[in-house]
Amino acid sequence: MAEAIQSLTNQRFRELLKSLSGISLPEGKVAMIEQRLRRRVVLARLPNTETYLQELMQGKLGQEEIKVVLDLLTTNTTSFFREAEHFDFLTDVALKEFLDRTANDRRKFKVWSAASSEGAEAFTAAMVLNEAAIRRKFEWAILGTDISRRMVQRANQAIYEAEQIKLIPRNLSSKYFMRGTAPEVATKVRVVPELRRRVKFRHMNLMDPTYPLDRDINVIFLRNVLIYFDADDKSAVVRRMQDHLAPGGYLITGHAESMVVRSEGLEHVQPTIFKKAL
Ligand SMILES: C[S@@+](CC[C@H](N)C(=O)[O-])C[C@H]1O[C@@H](n2cnc3c(N)ncnc32)[C@H](O)[C@@H]1O
(Lines give C-alpha, C1' and ligand atoms only; values in the text may rest on other atoms or scores of the structure.)
Protein backbone atom coordinates (compact mmCIF):
# COMPACT_ATOMS: atom_id res chain seq x y z
CA MET A 1 0.00 0.00 0.00
CA ALA A 2 2.74 2.46 1.03
CA GLU A 3 4.60 1.59 -2.16
CA ALA A 4 1.50 2.21 -4.27
CA ILE A 5 1.09 5.69 -2.73
CA GLN A 6 4.75 6.39 -3.31
CA SER A 7 4.63 5.43 -6.97
CA LEU A 8 1.48 7.56 -7.43
CA THR A 9 3.21 10.57 -5.90
CA ASN A 10 6.26 10.00 -8.05
CA GLN A 11 4.08 9.79 -11.12
CA ARG A 12 2.27 13.03 -10.21
CA PHE A 13 5.55 14.71 -9.41
CA ARG A 14 6.97 13.74 -12.82
CA GLU A 15 3.84 15.28 -14.39
CA LEU A 16 4.38 18.47 -12.39
CA LEU A 17 8.03 18.68 -13.45
CA LYS A 18 7.04 18.12 -17.07
CA SER A 19 4.38 20.81 -17.00
CA LEU A 20 6.80 23.32 -15.44
CA SER A 21 9.88 22.63 -17.53
CA GLY A 22 9.08 20.12 -20.26
CA ILE A 23 11.61 17.79 -18.64
CA SER A 24 10.50 14.15 -19.01
CA LEU A 25 12.12 12.39 -16.10
CA PRO A 26 12.36 8.63 -16.77
CA GLU A 27 10.67 6.47 -14.15
CA GLY A 28 13.99 5.02 -13.12
CA LYS A 29 15.18 8.42 -11.89
CA VAL A 30 13.34 8.24 -8.57
CA ALA A 31 16.57 7.59 -6.65
CA MET A 32 18.13 10.66 -8.23
CA ILE A 33 15.16 12.81 -7.13
CA GLU A 34 15.43 11.49 -3.58
CA GLN A 35 19.12 12.24 -3.44
CA ARG A 36 18.89 15.76 -4.87
CA LEU A 37 15.94 16.75 -2.68
CA ARG A 38 17.21 15.26 0.59
CA ARG A 39 18.43 18.60 1.96
CA ARG A 40 15.16 20.36 1.10
CA VAL A 41 13.19 17.68 2.98
CA VAL A 42 15.31 18.31 6.08
CA LEU A 43 15.07 22.10 5.73
CA ALA A 44 11.28 21.90 5.42
CA ARG A 45 11.31 19.72 8.59
CA LEU A 46 9.34 16.97 6.89
CA PRO A 47 9.68 13.25 7.65
CA ASN A 48 10.41 12.00 4.11
CA THR A 49 10.59 12.85 0.40
CA GLU A 50 7.08 11.53 -0.13
CA THR A 51 5.52 14.05 2.25
CA TYR A 52 7.75 16.78 0.86
CA LEU A 53 6.61 16.09 -2.73
CA GLN A 54 2.96 15.97 -1.67
CA GLU A 55 3.20 19.31 0.15
CA LEU A 56 5.12 20.82 -2.75
CA MET A 57 2.43 19.80 -5.23
CA GLN A 58 -0.36 21.08 -2.96
CA GLY A 59 1.38 24.47 -2.99
CA LYS A 60 1.98 24.32 0.79
CA LEU A 61 5.70 25.04 0.41
CA GLY A 62 5.18 28.12 -1.79
CA GLN A 63 6.24 29.16 -5.30
CA GLU A 64 9.84 29.87 -4.28
CA GLU A 65 10.30 26.25 -3.26
CA ILE A 66 9.16 25.13 -6.71
CA LYS A 67 11.88 27.31 -8.26
CA VAL A 68 14.46 25.73 -5.97
CA VAL A 69 13.30 22.26 -7.00
CA LEU A 70 13.59 23.17 -10.68
CA ASP A 71 17.14 24.36 -10.02
CA LEU A 72 17.97 21.09 -8.29
CA LEU A 73 16.47 18.79 -10.90
CA THR A 74 17.94 20.32 -14.03
CA THR A 75 21.15 18.81 -15.35
CA ASN A 76 23.55 21.67 -15.98
CA THR A 77 26.61 19.86 -17.31
CA THR A 78 28.52 22.06 -19.74
CA SER A 79 32.06 23.07 -20.65
CA PHE A 80 34.05 25.57 -22.69
CA PHE A 81 34.57 24.52 -26.32
CA ARG A 82 32.17 21.59 -25.89
CA GLU A 83 31.69 20.06 -29.38
CA ALA A 84 34.44 22.42 -30.56
CA GLU A 85 33.70 22.12 -34.29
CA HIS A 86 30.53 24.18 -33.73
CA PHE A 87 32.66 27.19 -32.86
CA ASP A 88 34.71 26.81 -36.04
CA PHE A 89 31.41 26.70 -37.92
CA LEU A 90 30.27 29.84 -36.10
CA THR A 91 33.11 31.96 -37.46
CA ASP A 92 34.15 30.14 -40.65
CA VAL A 93 30.65 29.72 -42.08
CA ALA A 94 27.85 31.53 -40.22
CA LEU A 95 29.74 34.75 -39.50
CA LYS A 96 31.53 34.78 -42.85
CA GLU A 97 28.24 34.47 -44.77
CA PHE A 98 26.67 37.17 -42.60
CA LEU A 99 29.53 39.61 -43.16
CA ASP A 100 29.57 38.97 -46.88
CA ARG A 101 25.81 39.61 -47.04
CA THR A 102 25.72 42.69 -44.83
CA ALA A 103 29.01 44.31 -45.81
CA ASN A 104 27.39 47.70 -46.32
CA ASP A 105 24.76 47.97 -43.59
CA ARG A 106 26.77 47.34 -40.39
CA ARG A 107 24.22 45.08 -38.74
CA LYS A 108 24.96 43.37 -35.44
CA PHE A 109 25.73 39.61 -35.44
CA LYS A 110 23.43 38.05 -32.83
CA VAL A 111 23.87 34.72 -31.08
CA TRP A 112 21.48 33.02 -28.66
CA SER A 113 22.62 30.26 -26.32
CA ALA A 114 19.17 28.81 -25.64
CA ALA A 115 19.93 26.56 -22.66
CA SER A 116 23.02 28.34 -21.45
CA SER A 117 23.56 26.69 -18.05
CA GLU A 118 26.43 28.51 -16.33
CA GLY A 119 27.52 30.31 -19.52
CA ALA A 120 30.43 28.29 -20.91
CA GLU A 121 28.80 27.94 -24.35
CA ALA A 122 28.02 31.67 -24.61
CA PHE A 123 31.48 32.75 -23.47
CA THR A 124 33.16 30.29 -25.87
CA ALA A 125 31.20 31.93 -28.69
CA ALA A 126 32.20 35.33 -27.27
CA MET A 127 35.91 34.50 -27.36
CA VAL A 128 35.87 33.30 -30.96
CA LEU A 129 33.71 36.23 -32.13
CA ASN A 130 35.92 38.75 -30.39
CA GLU A 131 38.96 37.22 -32.07
CA ALA A 132 37.19 37.36 -35.44
CA ALA A 133 36.29 41.02 -34.85
CA ILE A 134 39.99 41.84 -34.51
CA ARG A 135 40.59 40.46 -38.01
CA ARG A 136 37.51 42.06 -39.58
CA LYS A 137 35.56 44.69 -37.64
CA PHE A 138 31.87 44.03 -36.85
CA GLU A 139 29.44 44.37 -33.94
CA TRP A 140 28.18 41.33 -32.06
CA ALA A 141 26.05 40.44 -29.04
CA ILE A 142 25.19 37.20 -27.25
CA LEU A 143 22.18 36.31 -25.12
CA GLY A 144 22.08 33.24 -22.90
CA THR A 145 18.82 31.95 -21.39
CA ASP A 146 18.08 29.10 -19.01
CA ILE A 147 15.22 27.87 -16.84
CA SER A 148 17.52 27.57 -13.82
CA ARG A 149 17.70 30.92 -12.01
CA ARG A 150 20.75 29.70 -10.12
CA MET A 151 22.56 29.05 -13.42
CA VAL A 152 21.51 32.42 -14.85
CA GLN A 153 22.88 34.18 -11.79
CA ARG A 154 26.11 32.24 -11.98
CA ALA A 155 26.49 32.93 -15.71
CA ASN A 156 26.01 36.66 -15.17
CA GLN A 157 28.76 36.59 -12.54
CA ALA A 158 31.03 34.83 -15.06
CA ILE A 159 33.22 33.34 -12.33
CA TYR A 160 34.60 29.82 -12.88
CA GLU A 161 36.98 27.38 -11.29
CA ALA A 162 40.47 27.68 -12.85
CA GLU A 163 40.18 23.94 -13.52
CA GLN A 164 37.30 24.59 -15.96
CA ILE A 165 39.37 26.68 -18.36
CA LYS A 166 42.28 24.25 -18.62
CA LEU A 167 41.23 22.91 -22.02
CA ILE A 168 40.78 26.37 -23.57
CA PRO A 169 43.67 27.22 -25.93
CA ARG A 170 46.25 29.06 -23.86
CA ASN A 171 46.28 32.22 -26.01
CA LEU A 172 42.53 32.65 -25.36
CA SER A 173 42.39 31.70 -21.69
CA SER A 174 45.18 34.10 -20.76
CA LYS A 175 43.54 36.90 -22.70
CA TYR A 176 39.89 36.46 -21.66
CA PHE A 177 40.07 35.30 -18.03
CA MET A 178 41.38 37.21 -15.00
CA ARG A 179 42.87 35.28 -12.09
CA GLY A 180 41.81 35.93 -8.51
CA THR A 181 44.58 37.41 -6.39
CA ALA A 182 43.13 37.22 -2.86
CA PRO A 183 43.72 33.81 -1.19
CA GLU A 184 39.97 33.04 -0.96
CA VAL A 185 39.59 33.34 -4.76
CA ALA A 186 42.95 31.88 -5.75
CA THR A 187 41.31 28.91 -7.53
CA LYS A 188 38.83 31.10 -9.42
CA VAL A 189 38.92 32.97 -12.70
CA ARG A 190 36.57 35.60 -14.11
CA VAL A 191 35.71 36.51 -17.69
CA VAL A 192 37.13 39.91 -18.62
CA PRO A 193 34.74 42.91 -18.75
CA GLU A 194 35.34 43.31 -22.48
CA LEU A 195 33.37 40.08 -23.08
CA ARG A 196 30.94 40.42 -20.16
CA ARG A 197 29.67 43.69 -21.63
CA ARG A 198 28.40 41.90 -24.73
CA VAL A 199 27.12 38.67 -23.19
CA LYS A 200 23.95 38.81 -21.08
CA PHE A 201 21.97 36.05 -19.42
CA ARG A 202 18.36 35.89 -18.36
CA HIS A 203 15.77 33.46 -17.15
CA MET A 204 13.52 31.86 -19.78
CA ASN A 205 11.56 28.64 -20.07
CA LEU A 206 11.71 27.02 -23.50
CA MET A 207 8.21 25.62 -22.83
CA ASP A 208 6.74 29.14 -22.90
CA PRO A 209 4.42 29.52 -25.91
CA THR A 210 6.24 32.64 -27.10
CA TYR A 211 9.73 33.96 -26.52
CA PRO A 212 10.22 37.69 -25.81
CA LEU A 213 13.31 37.91 -28.01
CA ASP A 214 14.54 39.43 -31.25
CA ARG A 215 13.48 37.73 -34.48
CA ASP A 216 16.69 38.33 -36.39
CA ILE A 217 19.10 36.09 -34.52
CA ASN A 218 21.93 34.78 -36.69
CA VAL A 219 22.91 31.66 -34.75
CA ILE A 220 21.00 29.74 -32.09
CA PHE A 221 22.79 27.14 -29.99
CA LEU A 222 20.18 24.63 -28.80
CA ARG A 223 22.50 21.97 -27.51
CA ASN A 224 22.05 19.17 -25.00
CA VAL A 225 18.60 20.21 -23.86
CA LEU A 226 16.16 18.69 -26.38
CA ILE A 227 17.17 15.28 -25.01
CA TYR A 228 15.14 16.02 -21.87
CA PHE A 229 11.89 16.80 -23.75
CA ASP A 230 9.31 14.48 -25.29
CA ALA A 231 8.76 14.36 -29.06
CA ASP A 232 5.93 16.95 -29.21
CA ASP A 233 7.78 19.45 -27.04
CA LYS A 234 10.96 19.00 -29.08
CA SER A 235 9.10 19.85 -32.30
CA ALA A 236 7.32 22.82 -30.72
CA VAL A 237 10.60 24.27 -29.40
CA VAL A 238 12.28 23.91 -32.80
CA ARG A 239 9.28 25.60 -34.51
CA ARG A 240 9.48 28.56 -32.13
CA MET A 241 13.26 28.82 -32.55
CA GLN A 242 12.79 29.06 -36.29
CA ASP A 243 10.65 32.19 -35.86
CA HIS A 244 13.56 33.88 -34.09
CA LEU A 245 16.20 33.09 -36.71
CA ALA A 246 17.11 35.69 -39.32
CA PRO A 247 16.84 34.44 -42.91
CA GLY A 248 20.07 32.54 -43.57
CA GLY A 249 20.54 31.99 -39.81
CA TYR A 250 21.64 28.70 -38.27
CA LEU A 251 20.27 26.40 -35.56
CA ILE A 252 22.93 24.22 -33.93
CA THR A 253 21.93 21.19 -31.84
CA GLY A 254 23.89 18.69 -29.78
CA HIS A 255 25.16 15.50 -31.41
CA ALA A 256 22.59 13.35 -29.68
CA GLU A 257 19.71 15.54 -30.84
CA SER A 258 19.83 16.46 -34.48
CA MET A 259 17.62 13.58 -35.62
CA VAL A 260 14.62 15.18 -33.94
CA VAL A 261 14.82 18.40 -35.93
CA ARG A 262 12.47 18.06 -38.86
CA SER A 263 11.04 21.33 -39.98
CA GLU A 264 10.02 22.60 -43.38
CA GLY A 265 11.82 25.92 -43.28
CA LEU A 266 15.07 24.42 -42.01
CA GLU A 267 17.61 22.75 -44.25
CA HIS A 268 19.88 20.11 -42.68
CA VAL A 269 23.25 21.38 -43.90
CA GLN A 270 25.59 19.27 -41.74
CA PRO A 271 25.15 16.74 -38.95
CA THR A 272 23.66 18.83 -36.06
CA ILE A 273 23.39 22.07 -38.10
CA PHE A 274 20.27 23.52 -39.74
CA LYS A 275 19.86 26.63 -41.91
CA LYS A 276 16.83 28.84 -42.30
CA ALA A 277 16.14 29.71 -45.93
CA LEU A 278 17.30 33.14 -47.09
C1 LIG B 1 23.03 19.86 -20.10
S2 LIG B 1 22.81 21.60 -19.99
C3 LIG B 1 23.39 22.11 -21.60
C4 LIG B 1 24.20 23.39 -21.53
C5 LIG B 1 24.81 23.84 -22.87
N6 LIG B 1 23.80 24.13 -23.85
C7 LIG B 1 25.79 22.81 -23.38
O8 LIG B 1 25.47 22.12 -24.36
O9 LIG B 1 26.87 22.67 -22.81
C10 LIG B 1 21.02 21.72 -20.15
C11 LIG B 1 20.46 23.05 -19.67
O12 LIG B 1 19.11 23.15 -20.11
C13 LIG B 1 18.37 23.83 -19.12
N14 LIG B 1 16.94 23.57 -19.31
C15 LIG B 1 16.25 22.42 -19.05
N16 LIG B 1 14.94 22.59 -19.33
C17 LIG B 1 14.81 23.86 -19.79
C18 LIG B 1 13.69 24.63 -20.24
N19 LIG B 1 12.46 24.12 -20.27
N20 LIG B 1 13.91 25.91 -20.61
C21 LIG B 1 15.16 26.44 -20.57
N22 LIG B 1 16.24 25.77 -20.16
C23 LIG B 1 16.08 24.49 -19.78
C24 LIG B 1 18.95 23.30 -17.81
O25 LIG B 1 18.69 24.16 -16.73
C26 LIG B 1 20.44 23.17 -18.15
O27 LIG B 1 21.16 24.29 -17.73
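Counting convention: from 1, in listed order, for ligands and their atoms alike. Bear in mind that the values here come from a model prediction, so they are computed numbers and not experimental data. In this chain, residues are counted from 1 in sequence order.
The side chain to side chain contact (heavy atoms under 4.5 Å, CB included) test applied to Asp243 returns Arg215, not counting sequence neighbours. Residues passing the side chain to side chain contact (heavy atoms under 4.5 Å, CB included) test with Pro209: none are found, sequence neighbours excluded. Residues satisfying the salt bridge (Lys or Arg N to Asp or Glu O under 4.0 Å) criterion with Arg197, sequence neighbours excluded, are absent altogether.
Remark: side-chain polar atoms of Asp233 are not paired, donor with acceptor, to backbone N or O of Met207 under 3.5 angstrom. Side-chain atoms of Asn156 come within 3.5 Å of backbone atoms of Phe201 as a donor-acceptor pair (strictly under, hydrogens ignored).
The immediate protein surroundings of ligand 1, defined as residues with any heavy atom under 4.0 Å of it, consist of Ser21, Ile23, Thr74, Thr75, Asn76, Thr77, Thr78, Arg82, Ala115, Ser117, Glu121, Asp146, Ile147, Ser148, Met204, Asn205, Leu206, Arg223, Asn224, Val225, Tyr228, Phe229.
Salt bridge annotation for Arg40-Glu65: present, with a cationic side-chain nitrogen under 4.0 angstrom from a carboxylate oxygen.
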